[in-house]
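In the text below, chain A, chain B and the rest are named by the order of the sequence lines, each starting its count at 1. Just so it is clear, the values below take in all heavy atoms, side chains as well, and ignore hydrogens, waters and symmetry mates.
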There are 2 protein chains.
Amino acid sequence: MSVTKKRSDCPVSCSLDVWGDKWSLLIIRDLMTAKACTYGDFLKAPEGIATNILAARLQALEENKIIKKLPHPDSKAKVLYKLTQKGIDLLPVMVEVNLWAEKYFSIPEDRKALLKEVKKDKAGFIKAMMKELES
Amino acid sequence: MSVTKKRSDCPVSCSLDVWGDKWSLLIIRDLMTAKACTYGDFLKAPEGIATNILAARLQALEENKIIKKLPHPDSKAKVLYKLTQKGIDLLPVMVEVNLWAEKYFSIPEDRKALLKEVKKDKAGFIKAMMKELES
DNA sequence: TATTTACACTTGCAAAATGCAAGTAAAGTT
DNA sequence: AACTTTACTTGCATTTTGCAAGTGTAAATA
């Protein structure tokens, strides 16, 4: 019985990989735009994440303390997911990613409008957005 | 005979995923620190990428025009990989990632030293670094 | 009160991606 | 001419993913 090594256990030293793959990214993106989401909200994302993958990613992100689970104020049956401070601190990364994406891809209009704000005052935008996410 | 759909074909709209997974990221990281690498250089990275995966990622990154293949000045047997302008433009993202990583993880000393420079003058650092990569 | 419905998941299984070891072909070295 | 270096490719076992269906609890509805 040999021990199976997993390459994925070894992080790339720039640490971008700690937040994982595209599906984890989708979760973080949704949480940055909506501030708080339920399990169902993530499932509704246009990219179409599979429910088992969503569950796995939410668990991993929680274990890495990038997101946190909170009781929903409206109902005991619901769960609210939010970014932790560690997750919120990824905002500058996301902003740069979007600026890059705007340059090389076509992006939705609402995102373009936001980026217009960013370009006026990047530091100010990030500070304000972070404050919003923290509340 | 049903058509198999691949989830991975659908990009997350923030477009962080266009540069792919952790192995693609390793390639980009190496190219940002070393400016130009051979196939063997990537294989030597401490994270230990498998050769077939490396080949696949190099091809994908080239198809996405993030890296380019150049003839090696020393030998016809060698190939030089470099970042394209599109790849170089990912530098601000990488800088933010590293700033985040420094806050929440332990990172190598040489990287810490670089980040000290970054914190003194982020815009200046990025501009200078980009210029270096373009040459 | 009984019974659907909503919500947050879990499970089983086929298909795809990954990791490892070994192999190949062209170029460079001795 | 034989050996090595370099950039890959190939085969196969293991792991991960995607899809569909199912489970359990709380809330809404009849």
Worksheet item: Who pairs with B:Lys119 by salt bridge (charged side-chain N to carboxylate O under 4.0 Å, His left out), at least two apart in sequence or on another chain?
Response: B:Glu102
Discussion item. Tell me whether B:Lys131 is salt-bridged to B:Glu134, with the criterion being a basic N under 4.0 Å from an acidic carboxylate O.
Written reply: no
Fill in: For atom CG of B:Asp41 and atom C1' of D:dA7, their distance in whole Å
12 Å
Worksheet item: Below 4.0 angstrom, N of the basic side chain to O of the carboxylate: do A:Glu117 and A:Lys120 qualify?
Response: yes
Worksheet entry | Side-chain touch A:Tyr104/B:Gln85, heavy atoms, less than 4.5 angstrom | yes
Worksheet item: What are the two closest non-hydrogen atoms of B:Trp23 and B:Ile53, and how far apart are they?
Response: CD1-CG2, 3.8 Å
Worksheet, complete the sentence: Residues pairing under salt bridge (charged side-chain N to carboxylate O under 4.0 Å, His left out) where one sits in residues 30-46 of chain B, two or more places apart or in two chains, turn out to be B:Lys35-B:Glu132, B:Asp41-B:Lys44
Worksheet item: To the nearest Å, how far apart are B:Leu54 CG and D:dT10 P?
Response: 16 Å
Fill in: Check against salt bridge (charged side-chain N to carboxylate O under 4.0 Å, His left out), A:Arg57 and A:Asp21
CA-CA 9 Å; A:Arg57 294 302 177 277; A:Asp21 68 349; 2.9 Å; yes
Worksheet item: Tell me: CD1 of B:Ile53 to P of D:dT14, nearest whole Å?
Response: 17 Å
Worksheet item: Rounded to the nearest Å, what distance is computed from the CZ atom of residue A:Phe42 to the C1' atom of nucleotide C:dC7?
Response: 14 Å
Worksheet item: Can a side chain N or O of B:Arg57 be found less than 4.0 Å away from OP1 or OP2 on C:dA17?
Response: no
Worksheet entry | Atom-to-atom span, CG of B:Leu43 to C1' of C:dA22 - whole angstrom | 15 Å
Worksheet item: Are OP1 or OP2 of C:dT18 and a side-chain N or O of B:Trp23 less than 4.0 angstrom apart?
Response: no
Worksheet item: Which residue, A:Asn52 or B:Gln59, contacts DNA chain D at a nucleotide closer to its 5' end, judged by nearest heavy atom?
Response: B:Gln59
Worksheet entry | Atom pair distance, as rounded to whole Å: CD1 in B:Ile49 and C1' in D:dA7 | 14 Å
Worksheet item: Separation of A:Lys44 atom NZ from C:dA6 atom C1', in whole Å?
Response: 11 Å
Item to complete: For DNA chain C, find the residues of residues 70-81 of chain A with a heavy-atom distance under 4.0 Å and give them by number; none if there aren't any.
Response: A:Ala77, A:Lys78, A:Val79, A:Tyr81
Worksheet, complete the sentence: Rounded to whole Å, the CG-P distance (B:Asp21 to C:dA16) equals 19 Å
